[in-house]
Amino acid sequence: MSRFRVPGRGRVNPDRPVTFRFDGRPVQGCEGDTVASALLANGIHLMGRSFKYHRPRGAVAAGSEEPNALINTRRGPGRAEPNTRATMQEIWPGLEARPQNCWPRLSFDLGAVNDRAYMLFSAGFYYKTFMWPRSFWDKLYEPVIRAAAGLGVSPSEEDPDTYASRYLHTDVLVVGAGPAGLAAARTAAEAGLRVVLVDEHAEAGGTLLSEPQARIAGLPAWDWLTAELAALKALGVRVMTRTTAIGYYHQNMIGLCQRLTDHLAELPADTPRERMWRLRAARVVLAQGALEKPLVFDGNDRPGVMLAGAAQTYLHRFGVRVGDRPVILTSHDSAWHAAFDLQDAGAKVAAIVDTRAAPPAALAGEAQARGIRVLAGFTATATSGRLRVRSVRVHPVSAGTVGAGEEIACDCLLMSGGWTPSLHLFSHTKGSLAWDEDRTTFLPADTPEDCVIAGAGRGLWGIAATLADGAEKGAEVAASLGRGASAPALPVEGDRTGSGTSHTELATDRSPSRARAFVDFQNDVTAKDLRLAVREGMRSIEHVKRYTTNGMATDQGKMSNINGLNIAADALGRAQPKVGLTTFRPPYTPTSFGAFAGYHRGGHFEVTRRTAIDPLAEAAGAVFEPVGQWRRARYFPRPGEDMDTAVARECRATRTAIGMFDASTLGKIEVVGPDAVEFMNRMYTNPWTKLQPGRCRYGLLLGDDGFIRDDGVIGRLAHDRFHVTTTTGGAARVLNMMEDYLQTEWPELDVWLTSTTEQWSTIALNGPRVAELLRPLVEGVTLTEEAFPHMSVAECTVAGMPARLFRVSFTGETGFEVNVPAPMGPALWQRLAEAGAPLGLTPYGTEAMHVMRAEKGYIIVGQDTDGTVTPADAGLTWAVGKAKPDFVGKRGLARPDLTAPGRRQLVGLLTEDGTTLLEEGAQIVLDPAQPVPMKMVGHVTSAYRSEAAGRPIALALVEGGHGRMGETVHIPMPDRTIAATITGCVFHDPENTRLKLAAPGGDA
Amino acid sequence: MTRFNAFNLVRHALTGNRNWTEQWPDAEPKAEYDVVIVGAGGHGLGCAYYLAKEHGITNVAVIDKGWLGGGNTGRNTTIIRSNYLYDESARLFDHSVDLWEGLSQELNYNVMYSRRGCMMLAHSVHDIQSFKRHIHANRLNGVDNRWLTPQEAKDYCPPLNISPDARYPVLGAALQERAGTARHDAVAWGYARGAAARGVDIIQNCPVTAIRRGPSGGVIGVETARGFIRAKKVAVSASGHNTMVMDTAGVRLPLESFPLQALVSEPVKPVFPCVVMSNTVHAYISQSDKGELVIGSGTDQYTSYSQRGGLPLIEHTVAAITEVFPIFNRMRMLRKWGGIVDVTPDRSAIISKTPVQGLYVNCGWGTGGFKATPGAAHTLAWTVAKDEPHPINAPFTLERFRTGRLIDEAAAAAVAH
């Protein structure tokens, strides 16, 4: 048994010893220990080093508010994390815990040299120096500062663990399973409500775990707790331990992070490390208790100086006596019980030092009965001890005068500056706080959310009061949800109620400017730093915080905010409520990135959309490219082919025989209803009224600013039904835009919009022999130029499958697009491939599609346009209905700059040497000899090698381009300047002769 | 004003740091000023500083409804860069970077401008086209920006995942080496100290409730919580709340306000040497000198004045970060927060005169205003002092939304419109 373990105390299991490693050495604890409690059981107080001064530090708390005892925890490759709280990390055999921010070792850290020069490193010192010479900041000062800063070391390997996300809806969420939370949950559950009760610790119980002396409803506290948890279970309450409510979001949504495996020796298969719950509750009860305040005095940070309440937790919950010779230093009654309990557990309490002149007589009597020395009306001005506190210097204070000091030897110093309600989550709701002068603390006031605070969070103290309040709040919540509930009165014996006073810094006989009285332990912010900040004009608590970094440590200000406020208020000569608290930010405690990311990692980061035909493309060896969320086949290389060769072959096959292309990713929206045509007239620039059913039209969509947003071929299937296609990347955006207009601007229109992108497999067939392929397969449409001209649409069957057949072309060759129900896509693809093989059918990918459409001067929205291009700029004036009364973007288009001369217009570019391929994105100038900055007149939007044109081709946006045909422009590259001639956009078959359908029996 | 330098730091340390004086006084409003600036963020304070320093106009008040630097100046992720596409933007942001480079010395306040380089990741053919376009335009504009292969990108930023099997593999990156970060609070404080030393009044916790116009229609002053303050000129620079302030002068601004969130991790030793941005997966990250990973999120989908964003967006942002930097999966988020950004239809700012004589506005910075702080402040001061725009901010007019002469960087960058 470890030297400081107290037999018969605590909830750890002494029969199950657990060995882990700390600072390279094996340490033995018990099942149920945290790293901190196990170290303390072995008399180890030194656990870490502080941020700035590298001062030796021990655990000051026993919970998630711990600022000092931060360790690097490790479980084999990939499973390491910095800045883990030793007070929360449960031990398991083999756990490796390493100290941080020290070199060469924890007990001898060279970084502590900073501590000698502490006067230089006052608040904000770095704003005042390191400015000369200028270049030294990047090269010298900043690297040195950065290396000195930081706490632990980032993981360096990929995390092998998984993380889960879940949704949960409930009537009542209770945060905190102490007496108030337990009672609230019980009352609400008995009223028939669904209740979720969460607690960040390994077991429920809160304060009760540290107060076994109490008796509730006639039972010892721990027996009552066991019975109560069983009752909650029977009532169907979901009790979640190791679960932290990290943030409170709009409309009562709470984020809960549940830690599932960090405490286990063996990782269970198929279990996530953590699970993030998005919980929506009709009502929330916040029963998060209170946090004990440290006292602020010189040397209050040495290892062994600890909160009295933490010592109580170590004793009662973990069976650990934190020292043999404690001194208690307090301004609150609660710490007296720590003295009594430790004395009863075999320690020899050196003294109880109370800053109050007249602590309660009952407590003094109890101390006397135990033979404990009491010093009332005393202050502490210093401590000694390098790696562990050795003594504390105390003085009587009378009428504000500090008397002669006395050094009291000790091996731990247990302090209490009173208690502060834990209102972090309440603050997340933008809830307002009200200053309570009696308790000298902030209490919750109003919140916009449906939540109530119960127990110590409202400044109540003691088990009886918090139990009663919890039950009352549970009933209140039940009543607000229309359920009757009674709040049973539970008699409590052995309750420890109490009160205290509040201090800024403790009185001292030394120069306050020399005192090193820590407020934010981790960030090494002292009271004099706060006073310096105020002296320098930082009047807002936010300024004080940012200037000193008080409250910005990983404890999120849980230990430092109230003391910081009190000191700043004192320095400003203003009342605390006038100064106010800084805003608490989520998460309540630091939370793994993995828990936020959840399932969205690796391939699941974002869905990869694949068409039904995709597996066939993959089997054919296609190379893919991401387009938005989709992956699309870019080209189908044959053995030995690179992209250029494969693409050239695919283009050639399409222009001479048949090319087959999976166009299923094109967005498709079904626009249906009596007002469908009116809706289309208003959305798109084109006129739709005269478009007959069975015919198609190229549609152009603008934003309200008049710039091109999307395009696509739109077929009219019936008077009241349109099949709209959009770009692949624009599908969701276009549907959103349509819905936005329909719902907010034109609610009077009787139209339905349905996304059908994934309902259809779309296969584009292009080429001179396409009719030969399709005629035998199509039933219900006669494939002649007369019966089914270019830009027609029909419902028919293709290879026996129900289909929507479009006669359209994005290549300049005779073209069809066959839409069949998505699952039939692969069968159709294979059928067409077989039937087309004798005709020279070749599948092509997006790259060949890009080349062929560029050869014809067809734009790709988002590549040849960029959100600044009007229909006229793109040469699409013909697609704008001049006679229409209105359409989206009409007013935007009428703005003077959109019709002014000198706009960038889409043109073709041919390099003058006839062989150079331009780079997409390259900039165009008129005068290549001008100095930088050059006047740029445009840029290359598309550039490809073109077999059909016999040379590289390009499209470009050029200032006044439509009026510059034949002119030479220049493209300055890093190594040379390329000359090019402006041409029209069409490089192939300008007369569109190849769009025609060959007559049946004709020879293609 | 005590000069900040190592000598004075030591001298004051020896006297227990008891003799430092306030960096700026908390002023009470006077009855009248030549110029009133609404909004004591970096832009507003900087404007006051340059008015005093470069234009000799010192009878100036900067008024804020809260504490100086408490808005977006103190809430952003401090990225500074100038690799913008359009001439107008490149000129404005490069002007800013020029000023950033000497700002610590100019203000005698270490704003920690750190030229650590900003890398923008390309994840698709479309990204490559867009970034190449930027790089070519930047080169011809004299703005530094160059293309890196995936391996070069990883060499520049070792935590980067360049596996071709990633959901959005890194296909390359555009690097601006002159880009970096700065300490945001110090920028506000440095400008405040510099302005106050030149006679500017900084009036905090004094909401401006209305802009008052005289019989001729021109500005005559502002109504505040502490009464009416006469002013010959008023410049409004109140970020997310610009629309509300300008409404009171009868000027409607083409702005929408959105919550924008950011977060930091727990501090760790140096692991991340530069700034990395990925518009495709929406991840923006650097490491502060304190050691925290500083991560920017996107705007919420809905307009709001609540400085409280939703959880789903943060989940997506963190997922994006761990997608690009998988080693950070076990790092922990320390703190997240929100600010309100005002966004124009073309996502470029407005630094402009208004139809009201004597009223100027600096707004619409959206998600990118911090980097522009010195440049915006400098040109706004010019505009106010001379009642005409500086050539650099001349294109950033309010008028352009009427004429259609937009500067649409977002459209050009093909960030989802």
Side-chain angles (χ1 to χ4, degrees), chain A residues 81-83 119-120 122 127-131 138 142 145-147 149-156 158-159 249 255 513 532 535-537 539-540 542 546 554 585-587 590-594 596-597 600 603 605-606 625-626 866-868 895-898 920-923 932-934 936 939, chain B residues 4 6 9 13 16-18 20 22-24 26 67 70 104-105 109-110 114-115 124-125 129 132-133 136-137 140-142 167 185-186 266-271 289-291 310-311 315 318-319 322-323 326-337 345 403-405 408 411-412 414 417:
Chain A
E81 49 281 329
N83 306 337
M119 292 303 271
L120 282 178
S122 55
Y127 300 125
K128 298 173 181 165
T129 183
F130 305 131
M131 289 181 269
D138 292 328
E142 190 182 41
I145 290 173
R146 293 189 87 189
L151 284 166
V153 175
S154 159
S156 57
E158 208 162 320
D159 182 359
Y249 300 91
S513 66
L532 171 62
R535 196 175 304 131
E536 291 200 72
R539 288 172 191 80
S540 143
E542 281 289 349
R546 288 153 179 266
T554 62
R585 306 287 187 192
T591 305
S592 310
F593 282 6
F596 286 98
H600 298 278
F605 166 63
E606 211 169 82
E625 67 162 334
D866 65 2
T868 66
R895 292 180 294 178
D897 196 65
L898 275 70
E920 288 165 353
Q923 296 290 320
V932 169
M934 290 193 179
M936 289 167 260
H939 76 284
Chain B
F4 287 166
L9 197 63
N17 288 315
R18 274 165 306 182
W20 287 108
E22 58 186 4
Q23 298 185 3
W24 61 85
D26 196 28
W67 296 98
S104 294
Q105 291 72 25
Y109 209 105
N110 191 349
S114 167
R115 286 169 36 138
S124 66
V125 174
Q129 289 165 344
K132 289 267 175 91
R133 183 179 171 199
H136 286 298
L140 301 189
N141 260 327
R167 173 65 186 87
D185 291 324
E266 292 184 321
V268 288
K269 294 293 176 193
V271 63
D289 285 343
K290 194 165 183 287
L311 178 60
E315 290 177 325
V318 173
T322 57
E323 162 72 5
I327 64 166
F328 293 144
N329 210 49
R330 289 174 99 91
M331 290 280 288
R332 298 190 193 93
M333 183 191 299
L334 172 56
R335 185 166 59 239
K336 64 193 176 72
W337 63 92
T403 65
R405 190 161 199 83
D408 202 334
H417 346 272

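Residue numbering restarts at 1 for every chain, and letters A, B, ... go by the order of the sequence lines.
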Under 4.5 Å between any side-chain heavy atoms of B:Phe328 and B:Val318, yes or no? no
Test item: B:Arg332 and A:Thr554 side chains (from C-beta on) under 4.5 Å apart, heavy atoms: no
Which region of [X], side chain (C-beta onward) or backbone (N, CA, C, O), has a non-hydrogen atom less than 4.5 Å from a non-hydrogen atom of chain B, or is it both or neither?
| X | result |
| --- | --- |
| A:Glu542 | neither |
| A:His600 | both |
| A:Ser156 | backbone |
| A:Asp138 | side chain |
| A:Leu532 | side chain |

Could you go through B:His136 and A:His939, starting from their C-alpha distance and side-chain angles, then the distance that decides it, and tell me whether this counts as side chain to side chain contact (heavy atoms under 4.5 Å, CB included)? CA-CA 9 Å; B:His136 286 298; A:His939 76 284; over 6 Å; no
Under a 4.5 Å heavy-atom cutoff, which of [options] has the most pairs with chain B?
| options | result |
| --- | --- |
| A:Pro587, A:Gly255, A:Ala147 | A:Pro587 |
| A:Glu142, A:Arg146, A:Met119 | A:Arg146 |
| A:Ser540, A:Gly594, A:Gly537 | A:Ser540 |
| A:Glu920, A:Met934, A:Arg585 | A:Arg585 |
| A:Thr591, A:Val932, A:Ile145 | A:Thr591 |
| A:Glu81, A:Glu606, A:Gln923, A:Glu536 | A:Glu536 |

Examine whether an atom of [X] lies under 4.5 Å from a heavy atom of chain A, and if so say whether it belongs to the side chain, the backbone or both; otherwise answer neither.
| X | answer |
| --- | --- |
| B:Thr322 | side chain |
| B:Gln129 | both |
| B:Asp185 | side chain |

The test is side chain to side chain contact (heavy atoms under 4.5 Å, CB included); show your working for A:Phe596 and B:Asn329 and say whether it passes. CA-CA 9 Å; A:Phe596 286 98; B:Asn329 210 49; over 6 Å; no
Any idea which of [options] has the most non-hydrogen atom pairs under 4.5 angstrom with chain A?
| options | answer |
| --- | --- |
| B:Ser124, B:Ser104, B:Gly142, B:Pro267 | B:Pro267 |
| B:Gly16, B:Pro326, B:Ala137 | B:Ala137 |
| B:Arg115, B:Arg335, B:Lys132 | B:Arg335 |
| B:Gln23, B:Met333, B:Met331, B:Lys290 | B:Met333 |
| B:Pro270, B:Gly70, B:Gly310, B:Gly291 | B:Pro270 |

Does A:Arg535, at its CZ atom, have more than 12 non-hydrogen atoms belonging to other residues, nucleotides or ligands within less than 6.0 Å? yes
Looking at every heavy atom in both A:Asn83 and A:Gly152, which two are closest together, and how far apart are they?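 That closest heavy-atom pairing would be OD1-N, 3.1 Å.
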Rounded to the nearest 0.5 Å, what separates atom [atom1] in [X] from atom [atom2] in [Y]?
| X | Y | atom1 | atom2 | value |
| --- | --- | --- | --- | --- |
| B:Asn17 | B:Leu9 | CG | CG | 7.0 Å |
| A:Leu120 | A:Lys128 | CG | NZ | 11.0 Å |
| B:Arg167 | A:Phe605 | CZ | CZ | 8.5 Å |
| B:Lys269 | A:Ser154 | NZ | OG | 13.0 Å |

B:Asn141 side chain to A:Pro933 backbone, donor-acceptor under 3.5 Å: no
Going through the checks in order, is the side chain to side chain contact (heavy atoms under 4.5 Å, CB included) test met by B:Glu22 and A:Arg539? CA-CA 10 Å; B:Glu22 58 186 4; A:Arg539 288 172 191 80; 2.3 Å; yes
